[in-house]
Number of protein chains: 2
Amino acid sequence: MASTAPSPARPAAKVPAEPCPISPVVDLVFSRWTTPILWLLHEHGRQRFVELQRRIGTITPKVLTQRLRQMERDGLVVRTYHPEVPPRVEYEISPLGLSLAPLFRTLAEWSQTHLPEVAAARTDYDDRGQPMP
Amino acid sequence: MASTAPSPARPAAKVPAEPCPISPVVDLVFSRWTTPILWLLHEHGRQRFVELQRRIGTITPKVLTQRLRQMERDGLVVRTYHPEVPPRVEYEISPLGLSLAPLFRTLAEWSQTHLPEVAAARTDYDDRGQPMP
DNA sequence: CCGTATCCTTGCTGATACTG
DNA sequence: CAGTATCAGCAAGGATACGG
């Protein structure tokens, strides 16, 4: 990885060999804002830049552009430019992006099943005080 | 999330409602260093602080401590302190952390299947030049 | 409407040193 | 050994403002 092209995904912090075989996918799919964007595109279908911005609610146009560009380059979304006045640009999920659906479903299922355990573990940990010197 | 306790996982950037139902899990499982740590604990079993540090290779003790503390609080790993001289501390995956295994497997499968498409999409995008004004 | 340009702040990182 | 403390450096993210 880290070819000659402008690939600002994340420098991976120069991991030596491959301590974790899923790191590439994690950087690809779970970078900041990618899951909300993919989710919204999946829920509401093809939509415009401002719709995405408004639905996410807390993202700035700069960052949204960055993320969408990267996701377009990675083949997860498709950008369509309509040369009109005013200009119109629409984004939609690509087939490749759609292939992540089962993964997201697994994630949602785990969430449903085990997130309460996480909450319990947290209160448990907090009640127990310092973890030992 | 973001309760009263010291849980600086990520402030989630104050997302309004719930633009993406899997965001909590993403913050939990795919924060920086968590997947390498979980992977190493899964591969090599229970091990000590320095072993983890050496195997990851590029992490400082400070950050490793931060990450391990948070994962312990979230119930993903278990920390065992042996009061000896020299002191010995061992970390291992908890059952909750182990319940992530199928998720990781799904991730690895997707990686195997679709990562080449990502690479292709990237070269394609880079060859095609500017994305249109 | 769809972005880009500019600044600013945050948080990770890195190096070093120091306890128990 | 297993951390904690401190400080400097950098890059990503956020806020604001402006242009095509």
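Within residues 42-52 of chain B, no residue is approached by DNA chain C to less than 4.0 Å at the level of any non-hydrogen atom.
Not one side-chain nitrogen or oxygen of A:Arg54 sits closer than 4.0 Å to the OP1 or OP2 atom of C:dC2. For D:dG14, one of the phosphate oxygens OP1 or OP2 lies less than 4.0 angstrom from a side-chain nitrogen or oxygen of A:Arg32. Considering only side-chain N and O atoms, B:Trp33 lies nowhere under 4.0 angstrom from the phosphate OP1 or OP2 of C:dG11. Between A:Tyr81 and the phosphate of D:dG20, there is no side-chain N or O to OP1/OP2 separation shorter than 4.0 Å. For the OP1/OP2 pair of C:dG3 and a distance below 4.0 Å, the side-chain nitrogens and oxygens of A:Arg88 include no atom meeting the criterion.
Using the six-membered ring where Trp is involved, A:Phe104 and A:Phe30 have ring planes that are parallel, under 30° apart on the 30 and 60° scheme.
Per the geometry, CZ belonging to B:Arg79 stands 16 Å off P belonging to D:dC1, to the nearest Å. Here C:dG20 presents its C1' atom at 17 Å from NE2 of B:His82, a figure rounded to the nearest Å. We find that CG of A:Leu64 is positioned 16 Å from P of C:dA5, with the value rounded to whole Å. Taking atom CD on B:Glu90 and atom C1' on D:dC1, their separation rounds to 12 Å, with Å as the unit. Atom C1' of nucleotide D:dA2 and atom CG of B:Leu68 are separated by 11 Å, given to the nearest angstrom. The interatomic distance linking A:Glu84 (CD) with C:dC2 (P) rounds to 10 Å, in whole Å. Rounded to an integer number of Å, the gap from CZ of A:Arg67 to P of D:dA12 is 10 Å.
Of the listed nucleotides (D:dT16, D:dA2, C:dG3), D:dA2 has the atom at the smallest distance from the side chain of B:Val89. Comparing D:dA15, C:dC1, C:dG3 by their nearest atom to the side chain of A:Pro86 picks out C:dC1.
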What's the verdict on side-chain hydrogen bond (donor to acceptor under 3.5 Å, both in side chains) for B:Arg67 and B:Gln70, showing C-alpha distance, side-chain angles and the deciding distance? CA-CA 5 Å; B:Arg67 253 64 263 284; B:Gln70 180 181 345; 2.8 Å; yes
Checking A:His44 against A:Gln47 for the side-chain hydrogen bond (donor to acceptor under 3.5 Å, both in side chains) test, could you report, in this order, the C-alpha distance in whole Å, the side-chain angles of both residues, the deciding distance, and whether it holds? CA-CA 7 Å; A:His44 303 276; A:Gln47 54 198 293; 5.7 Å; no
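Nucleic acid contact class of A:Gln66 (heavy atoms, under 4.0 Å, all strands): sugar-phosphate only.
Donor-acceptor pairing under 3.5 Å, judged by distance alone, is absent between the side chain of A:Lys62 and the base of C:dG3.
In this structure, B:Tyr91 and B:Thr80 have side chains that are not in contact, with every pair of non-hydrogen atoms separated by 4.5 Å or more.
Surrounding NE2 of B:His42 are at most 12 heavy atoms belonging to other residues, nucleotides or ligands under 6.0 Å away.
Using a 4.0 Å cut-off between charged nitrogen and carboxylate oxygen, A:Glu90 and A:Arg48 do not count as a salt-bridge pair.
Every salt bridge (Lys or Arg N to Asp or Glu O under 4.0 Å) that B:Glu51 has, sequence neighbours left out, goes to B:Arg55.
In this structure, A:Pro87 and A:Ile59 both approach DNA chain D, and ranking their closest nucleotides by distance from the 5' end singles out A:Ile59.
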